[in-house]
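Owing to the predicted nature of the structure, the values given are computational and were not obtained by experimental measurement.
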Amino acid sequence: MKQAGFIFSFVLLLLFTHTAHAQKNDAYFVGKWNIVIKGLPKGDTEALVKFELKDGKLAGSITDKEEKKDMPFTAITLNDSTVVVKFDHSSGEVEMNLLKKDSDNLTGQINSQFDLTGIRQKED
């Protein structure tokens, strides 16, 4: 019986650790990110990505700095140090992967075709 209690406690500890780790990664992405998407047909494009926590979940949007069009994320999936977001663009649904590089930088791709880099925007 003691062994069953130990196993149950161990499983709860693993679940708690996983949840705490996911929340830590949520917090990493929260804020504003200046990104540059490289190699698009119209050339390199600058955008602003915003993440916030709403009801304990990550939410956000991307705004093309030239067109000034805000496109909210329709889906967000967080896996360790990577977040995958989807949003609707005039060309269709777009998938963007963002990977934590260090405390203020990230890298990623749009539709597994176009590379991007991002720098955290400092709040004044």
State, to 0.1 Å, how close Lys100 and Tyr28 come at their nearest heavy-atom pair, and which atoms those are. CG-CZ, 3.2 Å
Would you check if Lys101 and Thr117 make a side-chain contact, meaning some heavy-atom pair closer than 4.5 Å? no
Just so I know, are the side chains of Leu106 and Leu116 near enough to count as touching, which here means a heavy-atom distance under 4.5 Å? yes
Considering only heavy atoms from C-beta outward, does the side chain of Thr45 approach that of Glu66 to under 4.5 Å? no
Any donor-acceptor pair under 3.5 Å from Asp102 side chain to Asn105 backbone: yes
Under 3.5 Å, is there a donor-acceptor pair between the Asp115 and Gln109 side chains? yes
If Ile, Leu, Val, Met, Phe, Trp and Tyr residues are connected whenever their side-chain heavy atoms lie under 4.5 Å apart, and connections chain through other members, are Val94 and Ile62 in the same group? yes
How are the rings of Phe87 and His89 set relative to one another: parallel (under 30°), tilted (30 to 60°) or perpendicular (over 60°)? perpendicular
Taking the side chain as everything from C-beta on, heavy atoms only, tell me whether Val83 gets closer than 4.5 Å to Phe51. yes
Does Glu52 come within less than 4.0 Å of Lys50, counting only side-chain N to carboxylate O? no
Side-chain donor or acceptor of Asn34 paired with backbone N/O of Ala47 under 3.5 Å: no
I'd like to know if the side chain of Thr74 reaches the main chain of Pro72, judged simply by a donor and an acceptor atom lying under 3.5 Å from each other, with no hydrogens or angles considered. no
Residues at least two apart in sequence or cross-chain that pass side-chain hydrogen bond (donor to acceptor under 3.5 Å, both in side chains) with Ser61, listed by chain then number, are Asp70
Cluster overlap Val84 with Leu99, hydrophobic side-chain contacts below 4.5 Å: no
Quick check against the 3.5 Å criterion: does Arg120 have a side-chain atom that pairs as donor or acceptor with the backbone of Val30? yes
Heavy-atom closest pair, residues Ser90 and Lys69: N-NZ, 4.4 Å
ILVMFWY cluster, Ile119 and Phe114 together (side-chain gap under 4.5 Å): no
Write down the atom of Asp64, the atom of Met71, and the distance for their closest heavy-atom approach. N-CE, 4.3 Å
Non-hydrogen atoms of Leu58 and Phe29 that approach each other most closely: CD2-CB, 4.3 Å
Run through Asn111, Ile37, Val85 and flag the one making a side chain to side chain contact (heavy atoms under 4.5 Å, CB included) with Met96. Val85
Transitively linked via ILVMFWY side-chain contacts under 4.5 Å: Phe73 with Leu53? yes
With sequence neighbours left out, write down each residue that passes side-chain contact (heavy atoms from CB on, under 4.5 Å) with Lys68, or none if nothing qualifies. none
